[in-house]
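Every heavy atom of this structure was used, including side-chain atoms; hydrogens, water molecules and symmetry mates were not. Small disclaimer: the values here were computed from a predicted structure and weren't measured. Per chain, numbering begins at 1; letters A, B, ... match sequence-line order.
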Amino acid sequence: MTLQFDVNTVTTAFDTLASAYQLPEVWWPADDPFEIMLGAILTQNTTWSRVQTALAALREHGPLTAAALLALDPATIATCLRPTGYYNQKTQRLRDFCQHDLEMGGTAGWMALTTPKLRQRLLSIRGIGHETADDILLYACDRPVFVVDAYTRRLATRLGWLPSAPLPYDTVRLAFEAVRPHDFNSLRRDHALIIHHGQQHCRPRPRCDGCPLLAECVNHPESAQSGAVIAPPWRSPND
DNA sequence: ATCCGGATGA
DNA sequence: TCATCTGGAT
């Protein structure tokens with residue numbers, strides 16, 4: 001199929017989403033950058049509400065700082081992280097991250113690095129992959145990066161922007177960064193819009209009723225562009 | 001490709 | 001009961 005990934009197509013879609021959804025002014029609320037970093041690690045493969053529960057539980061045992069968290073018994077941390085799932089794994093990851101935070105000299109140390117160096121350093125930490133690193137860059141460190149998550153890939157594939165075969169993370173990130181504004185506020189909004197849209201309509205099993213992007217979705221029969229498509233894979237079993 | 005866990009809502 | 005959840009390491 002012919003892919004359409006040009007600035008006009010992408011801009012139109014984001015503008016449509018922005019008109020369709022009212023998002024909270026602050027998408028990622030937190031008291032400080034360190035708390036955002038913790039949240040970025042804990043939110044892997046879980047819901048945001050469960051991360052909030054876990055962070056609240058951690059706060060019961062002391063301030064959310066690297067030193068205070070490392071002073072806690074790992075079993076205590078694990079109990080707090082239980083609602084987020086993978087609690088043993090995440091306890092280790094959280095402690096690893098706290099160790100790195102201390103070595104960096106805290107938030108000021110992170111902020112002093114250039115974006116490429118910061119990303120490189122984050123990716124070297126066990127438990128921080130591309131998506132988590134970019135969440136931290138964008139939301140904790142105010143860097144203009146486009147975060148690529150499962151929602152992004154799913155939406156872009158269904159819209160006909162990306163091939164169904166998975167592309168490397170940075171390939172997708174750079175493709176979006178080439179067509180989106182390079183300021184962190186815009187990119188935060190983009191990410192928030194994609195997540196919200198992915199939860200409301202473009203779910204693993206899509207809810208196309210009322211989807212604001214129907215007209216631009218090559219995978220939808222009612223779309224003006226539906227001629228470009230292959231059989232929508234998710235329609236085969238039932239539905 | 002598989003493992004790592006459990007809460008929540010439909 | 002089933003689907004989904006702001007992934008990463010092996």
| query | Within this structure, what is the CH2-to-P distance between A/W48 and C/dT6, rounded to whole angstrom? | reply |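 Atom CH2 in A/W48 sits about 10 Å away from atom P in C/dT6.
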| How many Å lie between CG on A/D149 and C1' on C/dT6, as a whole number? |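 A/D149 atom CG is separated from C/dT6 atom C1' by 6 Å.
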Can you see which heavy atom on [X] is nearest to which on [Y], and at what distance?
{"X": "A/C141", "Y": "A/L118", "value": "SG-CD2, 3.9 Å"}
{"X": "A/V7", "Y": "A/T11", "value": "O-OG1, 2.6 Å"}
{"X": "A/T46", "Y": "A/P83", "value": "OG1-O, 4.4 Å"}
{"X": "A/C98", "Y": "A/L70", "value": "CB-CG, 3.7 Å"}
{"X": "A/P163", "Y": "A/T157", "value": "O-OG1, 3.9 Å"}
{"X": "A/L17", "Y": "A/P212", "value": "CD2-CG, 4.1 Å"}

| Taking only residues two or more places apart in sequence or in another chain, which ones pass salt bridge (Lys or Arg N to Asp or Glu O under 4.0 Å) with A/R207? |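 For A/R207, no residue satisfies salt bridge (Lys or Arg N to Asp or Glu O under 4.0 Å) once neighbours in sequence are set aside.
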Determine the Euclidean distance between corresponding [atom1] atoms of [M] and [N]; express it in Å to zero decimal places.
{"N": "C/dT4", "M": "B/dG5", "atom1": "P", "answer": "23 Å"}
{"N": "B/dA10", "M": "C/dT6", "atom1": "P", "answer": "14 Å"}
{"N": "B/dG9", "M": "C/dG7", "atom1": "C1'", "answer": "22 Å"}

| request: Spell out, yes or no, whether A/Y151 and A/Y21 are grouped together once hydrophobic residues are joined by side-chain heavy atoms under 4.5 Å, including indirect joins. | output: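 Shared cluster, yes.
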Of [range], the positions that come close to DNA chain C - non-hydrogen atoms, cut-off under 4.0 Å:
{"range": "residues 176-203 of chain A", "value": "A/I195, A/Q199, A/R203"}
{"range": "residues 128-146 of chain A", "value": "A/I128, A/G129, A/H130, A/E131, A/T132"}
{"range": "residues 14-36 of chain A", "value": "A/W27, A/W28"}

| Contact under 4.0 Å: A/Y151 side-chain N or O vs C/dC5 OP1/OP2 |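 For C/dC5, OP1/OP2 do have a side-chain N/O of A/Y151 under 4.0 Å.
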| said: I'd like to check the ring pair (Phe, Tyr, Trp, His ring centres under 6.0 Å) partners of A/F146; sequence neighbours left out, ordered by chain and number. | reply: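 Residues passing ring pair (Phe, Tyr, Trp, His ring centres under 6.0 Å) with A/F146: A/F176.
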| Which residues, if any, of residues 76-99 of chain A bring a heavy atom under 4.0 Å of DNA chain B? |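 A/R82, A/T84, A/G85, A/Y86, A/Y87, A/N88, A/Q89 - these, ordered by number, are the residues of the stretch whose heavy atoms sit under 4.0 Å from the strand.
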| query | Are the side chain of A/T16 and the backbone of A/T12 linked by a donor-acceptor contact shorter than 3.5 Å? | reply |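 Indeed, once roles are kept as given, a pair shorter than 3.5 Å links the two residues.
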Does anything in [range] form a side-chain hydrogen bond (donor to acceptor under 3.5 Å, both in side chains)? List the pairs, not counting sequence neighbours.
{"range": "residues 174-187 of chain A", "value": "A/R173-A/E177, A/R180-A/D190, A/D183-A/S186"}
{"range": "residues 72-87 of chain A", "value": "A/N45-A/Y86"}
{"range": "residues 97-106 of chain A", "value": "A/H100-A/R121, A/D101-A/W110, A/E103-A/R121"}
{"range": "residues 128-147 of chain A", "value": "A/Q44-A/T132, A/T115-A/R143, A/R119-A/D134, A/D134-A/Y169, A/Y139-A/H191, A/D142-A/R188"}

With the criterion being N/O to N/O and under 3.5 Å, what pairs connect the protein with nucleotides 8-10 of chain B, and how long is each?
none

| query | So what does A/N45 hit on the nucleic acid, given a heavy-atom distance under 4.0 Å: a base, only sugar-phosphate, or nothing? | reply |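 If one applies the 4.0 Å heavy-atom cut-off, A/N45 turns out to touch a base.
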Show me the donor-acceptor pairs within less than 3.5 Å that the side chains of residues 28-42 of chain A make with the rest of the protein, sequence neighbours left out.
| residue | atom | partner | partner atom | Å |
| --- | --- | --- | --- | --- |
| A/D32 | OD1 | A/F34 | N | 3.0 |
| A/D32 | OD1 | A/E35 | N | 2.9 |
| A/E35 | OE1 | A/D31 | N | 3.2 |
| A/E35 | OE1 | A/R59 | NH2 | 3.2 |
| A/E35 | OE2 | A/R59 | NH2 | 3.0 |

| message | Using the side-chain contact (heavy atoms from CB on, under 4.5 Å) definition, which of the options A/L55, A/N88, A/L58 pairs with A/L81? | response |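 Passing option: A/L58.
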